Every structure is written in C-alpha cells, then in structure tokens.
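Just so it is clear, the structure is predicted and the values come from calculations on it, not from any experiment. So that the names make sense, note that chain A is the first sequence line, chain B the second, and so on, each numbered from 1.
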2 protein chains.
Amino acid sequence: MASPNPENGCLNKLKALPQNIWNKVVEKANKAKKMAKDDPRKIIHSLKVGLALTLVSLFFYFKPTYDGFGVSAMWAVLTVIVVFEFSAGATLGRGLNRMLATLIGSSLGFGAHWIATHSGKTGEPILIGIFVFIFAGIVTFVRFFPEMKARYDYGLLILVLTFCLISVSGYRDDEVIHMAHKRVTTIVIGSIISVVICILICPVWIGEDLHNSIAGNLEKLGNFLEGFGSEYFGTSEGGQANNTNKSFLQGYKSVLASKSSEETMANLARWEPCHGRFRFRHPWKQYLKVGTLARECAYKVDALNCYLHAETQTPMEMRMKIKDMCARISSETGKALKELASTVKTMTKSSKEDTHIANSKEAVEDLKCMLKTGLWEDALVLEIIPAAAVASLLIDIITRTEKIAESVQELALLAHFKSPNTTSTSRQQHLLHRGTIQPTSDRSNHIIVIDMPASE
Amino acid sequence: MASPNPENGCLNKLKALPQNIWNKVVEKANKAKKMAKDDPRKIIHSLKVGLALTLVSLFFYFKPTYDGFGVSAMWAVLTVIVVFEFSAGATLGRGLNRMLATLIGSSLGFGAHWIATHSGKTGEPILIGIFVFIFAGIVTFVRFFPEMKARYDYGLLILVLTFCLISVSGYRDDEVIHMAHKRVTTIVIGSIISVVICILICPVWIGEDLHNSIAGNLEKLGNFLEGFGSEYFGTSEGGQANNTNKSFLQGYKSVLASKSSEETMANLARWEPCHGRFRFRHPWKQYLKVGTLARECAYKVDALNCYLHAETQTPMEMRMKIKDMCARISSETGKALKELASTVKTMTKSSKEDTHIANSKEAVEDLKCMLKTGLWEDALVLEIIPAAAVASLLIDIITRTEKIAESVQELALLAHFKSPNTTSTSRQQHLLHRGTIQPTSDRSNHIIVIDMPASE
C-alpha cells in the first residue's frame, strides 16, 4: 500500500478546517447554553451591563449634555464599565471606593498642583515629580495591608490615579479646578447609574450567596454522613450497581477548598445594604467561623471517604459487630448537620439538632462500652484497624458537629434568627390587625388558641 | 464612693484622644515595618510604581510631547497605574491584554461608528445604542467562561471600554480615527513603560513564587512527619516544655488552603517570558498537580496532628510496641518528602527519595507482620483505636508520598531538571574546553578521574 502523500494530508486538513471550526463553535455554544441554564443570573447580568452602558452612552451622546461635560463625558462611560460587577456588594464597594477616592484624590492633586505652580517655572516639574513619586509609593505600599486590600484596594488605586491626573495636568489653576469638578461629577453619575441598575433589576446579593453556600456546605456534609453508614456496612440498596446516584458521597469535596471564595464573599457582603432577611451589619464574620468549622469537619469526612475505597478492609462479618452503633452515629450526626443547614437556610432557630447530637452521643457511649468488652478478641490487629479508624473518626466528627452547632447558635443570636413559632406570631399579628383576636399583655405567650375564620 | 461623673468621663476621653491616635499610628507603623522586613520586595515594588509614574508624568508634562497627544496623554498615566502589578507575570498579562484589547476595540468601535453615521441622523443613536447593548452584553457573558476569566478577563473589560468610547464619541470619522490612534499609542507607551520597569528593576517572578511555594509545602509536610514520631511516642527532648520550638507541627496548616493562590499564580506565571531556570512554556500545570497531591497528603497529616492532641490516647506502654516501626515510617516518609522538596527547589533530579520510600515500605511490612502476630492481644479495642488509627494513617501517607514522587518525576521530565551529575559534567566540559581532559566517546561514563590543576 502506498504511504500517505504529505501534500494530500495538508489538503485534507485544509478541507476539514471549516468542519473543525464549526465543531468548535458548536461546542462553545453548548457550553454557553449550559452555563446560562445553570445560572440564569449570568445572562441577566450581561443584559444589565448592556442596558447600563447603552443608557450612559446615549445620555452623553445627545449634544446638550455632551457639550456640558466635553471629553470628560467618557469618564462616565468608563466608570459604568469598571464599576458594574456581578453582585450588588461588589458594585457598591467599587462605586463608593471610586467616588470617594476621586473626591479625595482631586483635592490632594489640586493642592499639589497649587504648591508646584507657586514655586516658579523650574521648581514646578521637580516638585510635581517628587509629589507623584512619594504619593504613589506610599499608597502602593498601603495597598499591601491585608485589611486595606480586602476593602479599599480599588479606592487606593483610583486615589493615585486621580492625584496624578490632576496634579500633572499642566493647566492653569482655574482650569484644573474645572477639570477636577467635571471628573468628580461624571464619575458620580456613572457610579450611581451602575449601582441603581445593579440593585433595582434582579439584584444578585453576594451576602445571600454566602448564606446559601454555608448552608449548602453543611447539607453536603450531612448528606455524606447520612449515606455513609449504609454504604460502609454494605446495606445500601442496589449495592455497587447504582454508582450514578451516589453523588452525595462526592458533594463534600467542594467544601474542602471553599476558604478563599467564602472570604471574598464576606468582604463584598459587608458593602450591601439591608435587603430581605439581611440587615446592613449582618454578622458576616460569624458565617466565616461556621465555614471554617465545616471545613475542619470536611477533612474528617474526607478521611472517612478514603476508608470506603481502601484496599485493606476489615472483613464484613467483623464490621457487622459495630454496624448498628456506627450507622446510628453517622446517620444521627448527618441529620444534625442537615438540621443546622436548614436552621441557617431558613433563618429559624431549631433545637432538633440537639436531639440528634444527643442520640449520636448515646450511640458513642454504647459503642465505647462494646469496644471495652472483648469485641474482636480473636481478630488480628491488622484486620481491626480500618473499622477501628472509622469508629474513631465518627466519634471525632461528633465533637466537630457540636462545635458547628455552637457557632450556628451564636450566628442565630447575632443575626436575630426567628424563633420556630414566629410564623404563628406573625400570623397572629396579621389576625390582630384584622381584629380577629385581642392583644394580650403576656408577650411570652406566643401560642394562642383562636377561632380561625373559615374563609381563610 | 461617688459614681463617676459622665461629663468628666467625656473630658477624660477627649484628653486621651491624641494619645490614642498616636498609639494607633505607632501600631500601624510597626505593622508596616514588620511587613517591609518580612518581604522587602513590597517596598521595592512601591518605589518602582513611584518611579514609573514620575517618569510617565514628566514625559507628558513637558509641552512638546504634551501638545502632540493632548488630553489623551492622561491615558498613558492611567495605563501605568492600572497595569503595574506586583509580579512580572501579572504586569505582562495586564499590559498585553490592554494593548491588544485597545487595538481590537478601537477597530470594532470605528466600524460601528462608521455604520451608524452612514445611516442618517435619526438612525445613528438607535444603531449605536443597539451596537453597544449587544456588544457589551455578549462580551460580559463571555467573561464568565472560566478559561476566559483566568487569562483574558481584563482584556475583555478593556475591549468593551474602548469599543464604547470610540463608537459613542460623536465626532466626525477622521476625528474618530485620530482619537483611536492617539488612544492606542498612549496606551502602548504606558504599557511598555510599566512592563520594562517591572521586569528590569528587581523583577518579582510569580512563576518562581509558585515554584518555591510548592517546594515549601512539600518541605512543611516533611518537617511534620520527621518530627511526628518522636512527638507521638514521647521521645522528643524537653517533653511538653519547649512548645515554642514546635512550629514544625503547625507549618503544614497553610498547605490545606493553598488551592486558590496556587491556581492564581499558575495563571499569571504563564505570561512570564524565559527567566533564570524557567523557560517560557514551563509546565506550570504540572506544579498544580503536585500541589493538589500535597494538599491531599496534608489532609492526612491534619488527621495525624489531631491524634497528637486527642483526649483518649492509647497508653504509652502499648504505643511503645509499635514505636520503632511507626517512627521509622514517619521519619523516612518525612525525609522522602523533604528530598522531593529539594528536588523541586534545586531543579536537580535525585533518587534518594526512592530509598526513603523503600525504607518506609519495609517498615510498613514489618509493622503489618507485627500486627498480624497477636500484638495487644490482651488490650481493649477502645484503647487500641488511636494508635491503630495513627498506624493506618501513616501507611496511607506512604501511598500519597509515592504519588507525589511520581508527579515530581513527571515535572522533572517536563521541566528538564538537571541530572545530579550535571555539575560534574559541566565542570568536565569546562575542563575539556581548557584542554585538561580529553573527550571520550563513551557518553554514559560521566565520572572520569582526571588530574586537577592545583591552582584551581
């Protein structure tokens, strides 16, 4: 057979090119479709940015306004582009940073410009050079401070920028003031347009994302632990066959690496105003504490997961001896974690997790008693190790869960979570308003038997 | 005793105010001093930013250049401020993104402007509005793609910005071309000044940071494991007293949360040109693989650390039975990890880690044999659990270390690490060059006994 002609190969490749490009395009389009389906907020955000930009562009396109601001009008367009972020917190943070930094930078820049122009023709460039060097150097260094980086990084950047633009401009004093004034005005207009559109049209609250992410992480850990018992002791239905439905065993993995994203969200959430169930000074830091404890618990869960797939396993008949207790500890701890997740999610206090924790602690005592009586006495230590390690990890996870429960309770206190009977209270107030029930002076008595109107 | 007068309290607070402010200032200054001492590169970076800004400001301050560029000159100042980043990779990435995006955005913006102006007075604002809306919407959505976000996020932002500024400008065609031209030129000048100063004066290579961070993480894990044996079996000198010198037991904690910073560094490192021991297409992705495996190992180490401080412990006399083997596994694995760290750090291949891994595997076999013979036969299972779990974790850590060793070997291959005898080879070539030794045809024979000139 003839060897393939290299020229023919090239030609074939060239022929296949349109098809390849088309395949790539289709692949990307499918990816985009999937992304939009997974989080439609991304599509809405893109439309919002388009709208904000069109508004600000047309606002400055029409002559009357344009003449008023001149070239500075582009600062407004520029501001919308750099300030408009996905979440309300990020947009507000950048907008406020930009407005404040422009104001301060303009004032300082004008001061530097004034001093420089009043020190003679030769002194001017030297003084301006020195001012710019010192100011830029100091502010750049300040940006390295972790607490400044977290909240004011963008503001400090704009501070240097405005200072330089105003002080270096090389105009006369009155022109500089005029320029600074226009810059501040256009930037304020741009920032306000961004913030208003971002908050008024389907806002994305990053605080709510953090809230849901923390609750979701607790739930993932709970799901794993609830399922772990039947998985490890081989009592799950369908056995190894239905691996597809075992995503609950992998869900916890995202918790392991959640640190930096949670910290970013908490930093941005602090900019957000009161919205829905969240107040302005919502205790975002406490969420980070819960998150850290959840991560520590996830490390243990990861260790448990390794024993599910370990090469050397304790023989099943030996495992069965501790099955009841371990499965109970695992499922009760899982339930407690899911209860805590629901406490966070619904912002409603609950005491069910205490019951679950107490149940699992009881199981631990039973397990300990059993382990003290010569269980597995005839077995080799090597065979015992995996099951013993699983038992030890489960016992450890309870103490972690207790710590999580404590921090969630602290969060409930700080964030004024509702009491479980608040729903009846609000209903009560509603009925009170309609005159169906009479107010009582005893405020602690939330549950009142009332005649419900049948029409409701 | 009289109750404190509230007015007096206010007065006292007011009196203490200057002192309090002064204390705050001193505290911040000390923090700044410490930060500068810990990483002097931060001071150097601040000075570099100051220098670059002074240069670009004065460059445009002097009339001849200023008149040439007019108001656009400020784009150069602005570019230096937003492009100049701490590391060379980040600066290059932003600079290239900004230049390319400005070029493409200007062209597209001019196209949109041309079409709009040629469609009549009423059609113009409508068409421009539609163009801006569609373009901004699409590009904003594209920014959500993870692979675009990682490398081209800033470029896409600047693309929208330039497109809007040029298309909305409202000038005549030739003016728009002139404006676009000036914008591109000034931005190129600003970007080049930033990149040149960033790379020529004490450059900070983020690739090197990633390289050192990966090596450092392996070393931290190695340090822990080397020290763990003597710590757990109570044979460390000084006992509980010298807690201050036990930082090696905490060092690994930073490894647990290293994921996002490593990913950021790898993304930025890909922009960096060939420097020192690193080529342009250095296998940064392989570093991430090593990092991931190191993190998985760190989760195990964290579990080990918990057993150091656990409440229920196996009695020491029982632990002593497995002491020799466990301590050997731990220290040999630690040595292997440290050897791997040094392999990465010095970029020199080594086979010592294989010996250490083999040693620890031998110890594992001994341990397994011992555990099969009725060790701890008379003991309660509950007492055995912690020590058994420690043994099991140590066995697990060896397999993780082997995986790390494999991935480091892969890295050595991809990044062309030196062979350990390269030093002698290069010395040999040097001597060859000087005519001291004769070349041999047998290339595999690296070690040649030669007469060394005494003067060297």
Side-chain angles (χ1 to χ4, degrees), chain A residues 31-32 35 42-43 45-47 49-51 53-54 57-58 60-62 66 71 74 77-78 81-82 125 128-129 132-134 136-138 140-141 144-145 157 160-161 164-165 168 170 257 259-261 299-300 302-303 306 368 371-372 375-376 380-382 384-386 388-389 391-392 396, chain B residues 31-32 35 42-43 45-47 49-51 53-54 57-58 60-62 66 71 74 77-78 81-82 125 128-129 132-134 136-138 140-141 144-145 157 160-161 164-165 168 170 257 259-261 299-300 302-303 306 368 371-372 375-376 380-382 384-386 388-389 391-392 396:
Chain A
K31 246 187 185 171
M35 200 165 73
K42 288 178 180 170
I43 286 281
H45 171 70
S46 306
L47 296 176
V49 172
L51 179 68
L53 264 180
T54 313
S57 297
L58 293 183
F60 285 105
Y61 178 84
F62 290 108
Y66 196 79
V71 188
M74 66 185 173
V77 178
L78 206 146
I81 294 172
V82 295
I128 283 185
V132 168
F133 183 80
I134 291 176
I138 290 175
T140 305
F141 188 70
F144 284 118
F145 281 92
L157 185 86
V160 177
L161 201 145
C164 287
L165 290 189
V168 180
K259 187 169 186 265
S260 66
S261 75
Y299 297 148
K300 301 281 157 193
D302 187 51
C306 287
K368 279 185 179 169
L371 293 176
K372 271 178 197 157
L375 173 80
W376 295 335
L380 295 174
V381 174
L382 192 63
I384 301 176
I385 285 183
S392 155
D396 218 29
Chain B
K31 246 187 183 172
M35 200 166 73
K42 289 178 179 169
I43 286 281
H45 171 70
S46 306
L47 296 177
V49 172
L51 179 68
L53 264 181
T54 313
S57 297
L58 293 183
F60 286 105
Y61 178 83
F62 289 107
Y66 197 79
V71 189
M74 65 184 174
V77 177
L78 207 146
I81 293 172
V82 295
I128 282 184
V132 168
F133 183 80
I134 292 175
I138 290 176
T140 305
F141 187 70
F144 283 119
F145 281 93
L157 184 86
V160 178
L161 200 146
C164 287
L165 290 189
V168 180
K259 186 167 186 267
S260 66
S261 76
Y299 297 149
K300 301 280 157 197
D302 188 49
C306 288
K368 280 186 178 170
L371 293 177
K372 271 178 195 156
L375 172 81
W376 295 334
L380 296 175
V381 174
L382 191 64
I384 301 176
I385 284 183
S392 155
D396 218 28

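Between F133(B) and L51(A) there is a side-chain heavy-atom pair separated by less than 4.5 Å.
The parts of L47(B) that come within reach of chain A are both its backbone and its side chain, each placing non-hydrogen atoms under 4.5 angstrom from that chain. With a threshold of 4.5 angstrom between heavy atoms, Y299(A) approaches chain B through side-chain atoms but not through N, CA, C or O. At a 4.5 Å heavy-atom cutoff, the contact between K259(A) and chain B is made by side-chain atoms alone. Neither the backbone nor the side chain of I138(A) comes within contact range of chain B, judged by heavy atoms closer than 4.5 Å. Both the backbone and the side chain of V160(B) come within contact range of chain A, each with at least one heavy atom under 4.5 Å from a heavy atom of that chain.
Scored by the side chain to side chain contact (heavy atoms under 4.5 Å, CB included) test, L157(B) finds I81(A), V82(A), R143(B), Y154(B) as partners (sequence neighbours excluded). Considering only residues two or more places apart in sequence or on other chains, A388(A) meets the side chain to side chain contact (heavy atoms under 4.5 Å, CB included) condition with I384(A), I385(B).
Judged by distance alone, the side chains of T140(B) and S46(A) never bring a donor and an acceptor atom under 3.5 Å apart.
In summary, the aromatic rings of F141(A) and H45(B) are positioned with their centroids too far apart to meet the 6.0 Å limit.
In this structure, T54(A) OG1 and I128(B) CD1 are separated by 11.0 Å, a value rounded to the nearest 0.5 Å. For the atom pair CE of M35(A) and CZ of F144(B), the computed distance is 7.0 Å after rounding to the nearest 0.5 Å.
Chosen from S57(A), A303(A), C306(A), A136(A), the residue pairing most often with chain B at heavy-atom distances under 4.5 Å is S57(A).
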Report task. Could you walk me through whether M74(A) and C164(B) pass side-chain contact (heavy atoms from CB on, under 4.5 Å), step by step? Result -> CA-CA 9 Å; M74(A) 66 185 173; C164(B) 287; over 6 Å; no
